Amino acid sequence: MVELGLTDLEPWSILEGRRLVEHFAGLRKRYPDRNVIPFAHRIDNDDVACWDLDRDARVVIVHDFASPGWERQGEYEGFYDWLRQAVEDLIEYDN
């Protein structure tokens, strides 16, 4: 997606560079029992889309800053399932 220039799917934004590192470190600190790698975040709330390495790299939505145990907001079978929803979110967000 980054190579294609598709980094802004408002309300989702693909994480790159410093922002990616910061989200990764923050999630690791706040949820040490989670083995996730973030790749996108919502600009209108604290949701972060992540690959869950403990669940066959399924995509999970982590509501960052929630109390541990309450952070899981959703799950997708894979990246393209999440991307389909992100496009739906884009359409709804712009209306």
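Along the sequence shown, the residues carry numbers beginning at 1. Below, each value reflects all heavy atoms present in this structure, side chains not excepted, and no hydrogens, waters or symmetry copies. Because the structure is predicted, anything quoted here is derived from the model rather than measured.
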Problem - Worked verdict on Glu71 versus Arg30 for salt bridge (Lys or Arg N to Asp or Glu O under 4.0 Å) - result: CA-CA 10 Å; Glu71 74 276 7; Arg30 288 182 285 282; over 6 Å; no
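- Val48 and Asp64 make their closest contact through CG2-CB, 4.2 Å (heavy atoms, listed as atom of the first residue, atom of the second, distance).
- For Phe79, the ring-ring contact (aromatic ring centres under 6.0 Å, His included) partners two or more places apart in sequence, or in a different chain, are Phe39, Trp82.
- At a cut-off of 3.5 Å, with distance as the only test, a side-chain donor of Asp47 or His63 sits close to an acceptor on the other residue.
- Remark: Arg28 pairs with no residue by the salt bridge (Lys or Arg N to Asp or Glu O under 4.0 Å) rule, at least two apart or across chains.
- Under the rule for a side chain to side chain donor-acceptor pair (under 3.5 Å), the partners of Glu75 that lie at least two apart in sequence or sit in another chain are Arg55, Arg58, Arg72.
- Within the 4.5 Å cutoff, the side chain of Trp51 has no heavy atoms near those of the Val60 side chain.
- Residues passing the salt bridge (Lys or Arg N to Asp or Glu O under 4.0 Å) test with Asp89 are Arg42, sequence neighbours excluded.
- When the side chains of ILVMFWY residues are joined at heavy-atom separations under 4.5 Å, either directly or via intervening members, Phe65 and Val36 end up in two distinct hydrophobic clusters.
- Two residues are said to be in side-chain contact when any heavy atoms from C-beta on lie closer than 4.5 Å; Glu10 and Ile43 meet this criterion.
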Sequence neighbours excluded and cut-off under 3.5 Å, please list the side-chain donor-acceptor pairs for residues 14-26, or say none.
from  : atom 1 : to    : atom 2 : distance (Å)
Arg18 : NH1    : Glu22 : OE2    : 2.7
Arg19 : NH2    : Ser13 : OG     : 3.0

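- The closest side-chain heavy-atom distance from Asp52 to Val59 is not below 4.5 Å.
- Residues that satisfy the ring-ring contact (aromatic ring centres under 6.0 Å, His included) test with Tyr31, not counting sequence neighbours, are absent from this structure.
- With sequence neighbours excluded, the residues that form a salt bridge (Lys or Arg N to Asp or Glu O under 4.0 Å) with Asp81 are Arg84.
- Contacts of Asp54 classified as salt bridge (Lys or Arg N to Asp or Glu O under 4.0 Å), with partners at least two apart in sequence or in another chain: none.
- Between Leu9 and Leu83, the closest side-chain pair of non-hydrogen atoms falls below 4.5 Å.
- Taking all atoms of both residues into account, the shortest heavy-atom contact from Pro38 to Cys50 is CA-SG, 3.7 Å.
- Residues passing the side chain to side chain donor-acceptor pair (under 3.5 Å) test with Gln73: none are found, sequence neighbours excluded.
- Summarising the geometry, atom CG belonging to Asp56 is positioned 9.0 Å from atom CD belonging to Glu77; distances are rounded to the nearest 0.5 Å.
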